[in-house]
Amino acid sequence: MLRMSTLPYPALMAPFELAGKRLRNRLVHPSMTTLMAEHARVSAPMVQYFANRARGGAAMLVTEPLSMARHHHLANRVDAWNDTDLDGLKRLAAAVEEQDCRILGQLLERGRARNQPGRSYDGIGASALPDDLSWSMPRVITTAEIRALIAEYVQSAGRLARCGFSGLEISAGHGHFFHQMLSPRSNVRDDEYGVDLEGRTRLLRELVSALRSACGHDFIIGLKLPGNDWIPGSIEPGYAAAIAARLTASREADYVCFAWGSHSRSLERHVPDGHSARVPYRALIRQLRVAIPDVPVIGLGRITDPAEADALIADGTADLAALGRALIADPAWFNKAAAGRAHDIRYCVSCNTCWERISLARLPLACDNNPRVGRHDEVDFRPAPALVRKRVVVVGAGPAGLETAWVAAQRGHAVTVFGRSREVGGKLHLRTRLPGGEALSSVYDYQHAAALRAGVRFRLGVEAGVDDIMACSPDAVVIATGADMVPPLWLPKDSSEAALVPDLRRAMRETLRYTERQPGTAVLFDMDHSEGTYAAAEHLCTLFDRVVILTPRDMIGQDLPIVVRQGVLRRLAEKRIEIVREVDVVWSERLAEARLEYACVHTGRIGSVDDVAWLAWSTPRSPADSLVSLLRSRAVPVHVVGDARVARTLHAATLEGHEAGCEL
């Protein structure tokens, strides 16, 4: 057996102990909603998802919130408040514990909190005050109901223990009910569960004591507590430290994990994206743990790389490291790190597609950089060899084409990739050069490296035509040529001046070459509403005196998940980027005078922007699929993937490319 000092990440790989239970290393999978439950029962995909993370090396997993009280019952949440699915809970626990990984259920009482459109009308709350995000009004919980609720939680926890779970985590962060009870902003009660720190922590103290009494000392009890919710008059780090110290004074809680943000404008802090620093809460965690020096602390917040996790533990900031999105992207993250294969990890790109899936689309968990989430062969996936070896040509070196190429080549096919640019990554490569996009390069970096290892032949800087493709004598062709923005209706089709107004992608490729600030105003016409469009606006802000976004819609970023949109709106406001809503551009000769006119879509009232030095448009995209019919006329089997099929998301591109590679 290797000595600890010879391991690649010794602090991360050191064992640990909680409530007398051994953890084989310091890696924790925090609670992530999968939406894989079926009819309030544990499903086979749900078991597979958690078993994969255990098999991939995690030492402890916290499930998504379970229904721990009668009123929690939802079809996509597993019932733990009754005996209807004991077999499912046992299967789930066994699948994880058999991999020498501890599994904890999570107790989350939503309360008045809501992060979906609309309001909640059935939430409970500490006081009759609205949710800071959705403005949902709760029903005030009584002291008798609090005690009854604690009793129901304890019964459910006992049920989990009997089913083989190692413990329970109480989610008291992110603006949910327990967080609301702790906050002086949302808890203005004048009874024993309010008034001051003692009163506001009473519910959780009583719950922890009841759980410990009922479940014994070998049952892990964890607390996820607010570290900073960034809401005025609520819980800032000083008060968070006092809360943590009071809740752990009895020594009945086994660990604390600090959470960030709340159901308010600070919800974006919960899942920091590519615009944030790496491990952005390191200093806050270090500050907070001073208040609870004898209680194990789990570090949480955009930890993506093994070196980051190892350093967090090695320098004493935390005892364990929690990686949620990173373990969605690659369940074998730990095993690869331990084997010296960190270069082979499919890294989380902090895009929050996972959040969008479960919170906005209400679909099972998925990932831009992992097309096999929850499948039986997901862990360190190796594609099955093809029965017949083929010559495959892939046209397009973006994520869809690269994913197809490496999978098909690993299956044994002879693969040639044509790419119009001399760089791989397609149009995603442009996005990585704009604010917040740096991490996205790991999608195509992984694909490109895997393709080279598998022997893929690359022909970059080539605008492939039918003759180029047919010269390879292909048995199959995959078209992954992406999509192009459609000119807006206000842009004349036959004007020489119109040709000088480019789409955003063409404009940014040129603008990224600028090395000095430019005088005048940059105007961006927005019918795209993607995060990349607003990242371009941020970059323009570093170059021009003024930046103006025009959009026909009544708001911007409508199609973005709330945690992404909040960041977009905050940054645009901080940079003083102007947004003019519900307008369309009016094409006129005034453009020659650097004056752009626009009209209100409702009234036709004219407004204008003067001193225009830069103008581009960002619009929905049409598939660049001209090769498809030409190739099919040559009787060549053609597969169309990604945006060349219909313009959508990075997730769709990697998923369809992956499936094509597996099917060829």
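Values below: every heavy atom of this structure, side chains too, minus hydrogens, waters and symmetry copies. Along the sequence shown, the residues carry numbers beginning at 1.
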Could you check whether [Y] and [X], counting side-chain N and O atoms only, form a donor-acceptor pair closer than 3.5 Å?
X	Y	value
Glu531	His275	yes
Ser171	His176	no
Ser618	Thr533	yes
Asp368	Thr353	yes
His72	Glu109	yes
Tyr347	Asn369	no
Arg553	Gln558	yes
Arg595	Ser608	yes
Ser262	Ser264	no
Glu64	Thr33	no
Arg114	Tyr121	no
Ser442	Asp445	no
Asp122	Ser120	yes

Practice task
State, with a plain yes or no, whether a side-chain heavy atom of Asn115 is found less than 4.5 Å away from one of Leu133.
Solution key: yes

Handout entry: Identified ring pair (Phe, Tyr, Trp, His ring centres under 6.0 Å) counterpart of Phe525 within the set Trp490, Trp587, Trp617, Tyr598
Key =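 Option passing the ring pair (Phe, Tyr, Trp, His ring centres under 6.0 Å) with Phe525: Trp490.
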
Show which side-chain atoms of residues 500-508 pair as donor or acceptor with protein atoms under 3.5 Å away, not counting sequence neighbours.
{"residue": "Asp503", "atom": "OD1", "partner": "Arg505", "partner atom": "N", "Å": "2.9"}
{"residue": "Asp503", "atom": "OD1", "partner": "Arg506", "partner atom": "N", "Å": "3.1"}
{"residue": "Arg505", "atom": "NH1", "partner": "Ala483", "partner atom": "O", "Å": "2.8"}

For the residue pair [X] and [Y], is the inter-centroid distance of their aromatic rings smaller than 6.0 Å?
X	Y	value
Trp260	His174	no
His179	His263	no
His539	Tyr534	no

Problem - Intermediate values then yes/no, salt bridge (charged side-chain N to carboxylate O under 4.0 Å, His left out), Arg648 and Asp643 - result: CA-CA 6 Å; Arg648 286 153 296 154; Asp643 285 1; 5.3 Å; no

Handout entry: Ile556 CD1 to Ile549 CD1 distance, which is reported to the nearest 0.5 Å
Key =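 Between atom CD1 of Ile556 and atom CD1 of Ile549 there are 5.0 Å.
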
Practice task
Give a yes or no answer on whether the side chain of Gln447 reaches the backbone of Pro399 with a donor-acceptor pair at less than 3.5 Å.
Solution key: yes

Handout entry: Residue of the set Arg325, Arg302, Glu438 for which side-chain hydrogen bond (donor to acceptor under 3.5 Å, both in side chains) holds with Ser350
Key = Arg302

Problem - NZ/NE/NH1/NH2 to OD/OE distance under 4.0 Å, Asp554 and Arg581 - result: no

